[in-house]
Amino acid sequence: MRGRFITLEGPEGAGKTVLAKQLVAELERRGREVVSTREPGGTRLGERLRSILLSQRADEGAAPIDPRADALLFNAARAQLVAEVIRPALERGAIVVCARFTDSTLAYQGYGAGLPVEQLRAVAAVATGGLVPDLTVLLDVPPTVGLGRKRGASRNRFEASFDLAFHERVRAGFLALAAAEPVRFRVIDSSRPIEAVAGDVIAAVLAAL
Ligand code: TMP
């Protein structure tokens, strides 16, 4: 495939959405075709799964969603996104910028919720047909800082219903994934003001392209 696949990862409140926008604007300014998307979501099916997965009250009174069901639903959204958006864009030579991808399942359902990481890798390989990002920018932020950036009704199910220890495991998980694959990952301290973080993200991506 001719394009480049870049993912932004990190715990809650790391600034992925804002930083993705700034990165895409900078790449477009340089004349590149950029496709910007996110997980879960990015397709009609994916956005419907997103509302099920992230709503704090998708089905009030129902039992909590089991982590294995979470893992499979996130991967269902991922499979559709890869087939419908990401692969076609890469095949025509575009840069794809995606907020979250397989590493989020490994960090949240693996390190956070305790499912075996190697099983999750296998499920994700089925969903993605083995597609792995060329570059993954890990926006690292302590959960106390990240969660403090989001409040009340704007919090998703993970932010509202999972405790601080869960989010600490997620953060440590991301850092472990980055340490295991230093060529693919760049770790950026995202507890700093957003302008400083944006400069580092753009520099990391331009250096890798
Ligand atoms: P966000 O779009 O605000 O980052 O919200 C996505 C939420 O879903 C976030 O809490 C992380 C969670 N998530 C998982 O638990 N597993 C996954 O595979 C993905 C993509 C997201």
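None of the values given here were measured: they were computed from a predicted structure. Note that ligands are numbered from 1 as they come in the structure, with each ligand's atoms numbered from 1 the same way.
Aromatic ring orientation, Phe162 versus Phe166: tilted (interplanar angle from 30° to 60°).
At a threshold of 4.5 Å between non-hydrogen side-chain atoms, the residues Ile188 and Leu138 do not count as touching.
Residues satisfying the salt bridge (Lys or Arg N to Asp or Glu O under 4.0 Å) test with Arg121, not counting sequence neighbours, are Glu118.
For Arg32, the CZ atom is loosely surrounded, since the number of other residues' heavy atoms within 6.0 Å does not exceed 12.
Near ligand 1, Glu12, Lys16, Glu39, Arg50, Leu54, Phe74, Arg78, Arg100, Ser104, Thr105, Tyr108, Gln109, Lys150, Asn156, Phe158 each place a heavy atom less than 4.0 angstrom from the ligand.
Between the side chains of Arg169 and Tyr108, no donor N or O sits under 3.5 Å from an acceptor N or O. Side-chain contact annotation: Glu9 with Ser104, donor-acceptor N/O pair under 3.5 Å present.
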